[in-house]
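Below is one structure, written out as structure tokens, with a few remarks after it.
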Amino acid sequence: MLSVLAIDDSRTIRELVRRALENAGMNVTTADDGLDGVSSFGESAFDAVITDINMPNLDGFGVIEAIRSGQRNTRVPILVLTTETGPELRARARDAGATGWLTKPFDGAVLVRTLKRVTGAPLS
Amino acid sequence: MMDDLRDTFFAESEDLLTAMGEGLAAMSDGSAGSETVHAVFRAVHSIKGAAGAFALSDVVAFAHSFETVLDAVRSDRLVPDPDVMRVLQRAGDVLAELLEHAREDRSDPPSALGSVLDALEEITGGQDDATPDDFVFEPLGLGMMAPLALPPAEATGFHLDFRPTGNFYPNGHHHQHLFAALSELGELTVTCSVPDLPPSAETDAEGNQLSWKLELRTDADEVQVRDVFEFVEGLCELELRKVESLDSFDDRPPHDDSTLPEVAMPTLAQAPDPEVLPRPLDVSSAVPTPAAARESAPRPTLRVDLDRVDRLINSVGELIINQAVIAQKVSEAGLPPASSLVAHVEDLSLLAREIQEGVMLIRAQPVKALFQRMARVVREAAEATGKQVELVTEGEETEVDRTVVEGLADPLTHMVRNAIDHGIEPPSERIATGKPACGRITLSASHVSGNVRIVVRDDGAGLNRDRIHATALRKGLVAADAVLTEAEIDNLLFLPGFSTAASITSLSGRGVGMDVARTAITALGGRIGILSTPGEGTTFNIILPLTLAILEGLIVTVAGQPMVVPAASVIETIRPAPRDFIALGHADRVLAVRGDHVPVIDVPSLLGFGPELDPMDAIVVLVRASDDSLAALVMEAISDKRQVVIKSLRSNVGQVAGTSAATILGDGKVALILDPDALTALAARRRAAQHAVQHLASREVRHEHAA
């Protein structure tokens, strides 16, 4: 069972993500801003991280940097989930170390498939 | 399933709208820092992001235009002059209205929608680049993930040469995952190419030396295949050649000795990524033990409309009153103590208390969020003043009534800014006095005997009493000949209109003094005190009631009526000897209390309920007002000390002078709750009026003499 950390300052989005992933049999931990997310990340072993970009305290880029430059599980797949679009965002996300990105609003099934894809989990 | 999520969305949107409104207000009056602008942007952005999930396209489109202007402001491309602010404020209103319409499933747009949209677009000059065509559910670049039919007989395919480069592995990608995605499209054959592999000594840590030749039999088109590589664009070398017929696959170069055939899906052990080599820690903990899983799963919570909670609290209040009435009737009935009715009534009262406490907990919130907001304030203020400041918080889990948490945000912000602006010294000065260069602000919260104590402490220079005193003299706030204790000088800070002119800065100045902070805290039923040691720093102590709905009070009698004095402000009760009352002039009296002289307030006459009390019959309740001044409240009797449920008068009969609210006692009688602050203020006005009357009278007497 995949264990996923979802970081978003929007309660609604957190809940949407949780439901989509839990329906797919994943184990979801949520965090409501970047700092919270980074500290949660240190507390257990996640198979993937989903993070928003625009958040108080620490933004998504900061989260990615903290994880990638951390002590353990530094190569965990990280998906950026944001309303922002466009090639610069993708380039920024990639340069920051994101594994992939999805645009809000998102389709739960697509999120699940994308997560499985970047974690190499079997699709069915 | 979406319905309750919709409710979550609207409830969250309301919070976001509130934050947005506060931020816009701060931007309008020029008090907003960059963080406020970011917060407003984030609020609108979050609404946009979540609204998309409910297909509220009007909200999404409008929020997008709104956000575009905010983005220009936050990135300093647009100055939020009053004209821009007016448009932003209107946009905030329209957004709120749009959400309201959406919630009520109304299809009519808010009347101002068009004009505000035009105004927003005029500001950005129509440069809105990404008008929401990206807000469709169609995921970008993931079309190939859709289930595909089996390759038909006429299947074609692709030859791919693939080689990871740069941060491919550090970014969390893995070649196997890509291969797995490709094999979803059709039949995949993977061959790892060895010739490119340098001697092992030269293999870099990223393991980028391996490359693969792939053959994919599929009827998917090139776009679908390239989509698989969407996330790794720029992180790999990829050559893709379309093969027109099945037979072409047979044209592939024969395996030479340097090419290792590989199974379609390489196994973990073959991975070149050092991170994928067995990691005992991660692998073993990847499957959480049941206990760990339980621990990491957040406890389920329930979101409840605040109105419902308040209605419940009100009903519980009535229950407590009702229970008290019954208890009193039972005790008056003179039943034997062993009677079962007495026992049942006691059980009932215990249960009622439990329900009350439980209900109060619903409104309680930890101060953590509030303290976290202060971290931002500290950062901003430190940056603005060029000082180094760290914030230490203690007791973040302390729970306080929600209203109190909300009401504390402004005064705390003000005090923290003040502490950094005036308290903490610049690094050079601190080092010169042997302190660490980095100043420290401590915020702590704790429960102290039924109250909440919040402490704001800095390790700065302490208050400059000479300057405070000089300022107060210049502003006529103290008499020139008054001899003030240190504590009295410190408390001058809380006087309305006090702000040391030399200290007004863009940060904490704004002409708002500590009196605003004190007023806000008093409004929450709290008190604030100050303690300062030169060279060591300043401490503000804030004492707040745990809840705003229940109050510990002394039940007293004033002109035959029961009234309540909040126990929090009571210092002691005294039955003074008549000679302890000392007359001053015509109407003023003070009470001698252990060498101090405390102004006397005769409550019945002040409130107009009766004549002044005979000192022989009087009892005195010594109270401390929120400005730390003492007052001797004179009344007839004290009968009890108990918790009372606060009932607002304002919504029923309006404000009653000298009181804050009312309660209903066990015998069903209504009792006013006296407010020491309001009483002292009322007494001061009364005295001033009397002085004026006497002054006029004496002038008339002189006139008569002259005539």
Exercise for the section: Let me know if A:S40 has heavy atoms under 4.5 Å from chain B in its side chain, its backbone, both or neither. Expected result: neither

Exercise for the section: Please check if any side-chain donor atom of A:T12 sits under 3.5 Å from a side-chain acceptor atom of B:E12, or the reverse. Expected result: yes

Exercise for the section: Would you indicate whether the side-chain heavy atoms of B:F231 and A:T99 approach each other to under 4.5 Å? Expected result: no

Fill in the blank from the handout: Whatever's closer than 4.5 Å to a heavy atom in chain B on A:R11 counts as both

Exercise for the section: Below 4.5 Å from any heavy atom of chain A, which atoms of B:A375 appear? Answer side chain, backbone, both or neither. Expected result: neither

Fill in the blank from the handout: Exactly one candidate in B:L16, B:V60, B:L56 meets side chain to side chain contact (heavy atoms under 4.5 Å, CB included) with B:I47; the answer is B:L16

Handout entry: Region of A:V76 in contact with chain B, defined by heavy-atom distances below 4.5 Å
Key = backbone

Problem - Minimum-distance pair of heavy atoms, taken over all atoms of B:D227 and A:R117 - result: O-NH2, 3.3 Å

Exercise for the section: Evaluate the ring planes of B:F41 and B:H45, with Trp represented by its six-membered ring, and classify them as parallel (under 30°), tilted (30 to 60°) or perpendicular (over 60°). Expected result: parallel

Practice task
Could you tell me which of A:P56, A:A48, A:P77 has the largest number of non-hydrogen atom pairs under 4.5 Å with chain B?
Solution key: A:P56

Problem - Part of A:D9 lying under 4.5 Å from any heavy atom of chain B - result: both

Practice task
Examine whether an atom of B:E35 lies under 4.5 Å from a heavy atom of chain A, and if so say whether it belongs to the side chain, the backbone or both; otherwise answer neither.
Solution key: neither

Problem - Centroid separation B:F179 to B:H175 less than 6.0 Å - result: yes

Practice task
Could you tell me which portion of A:L79 (side chain, backbone, both or neither) has an atom closer than 4.5 angstrom to a non-hydrogen atom of chain B?
Solution key: side chain

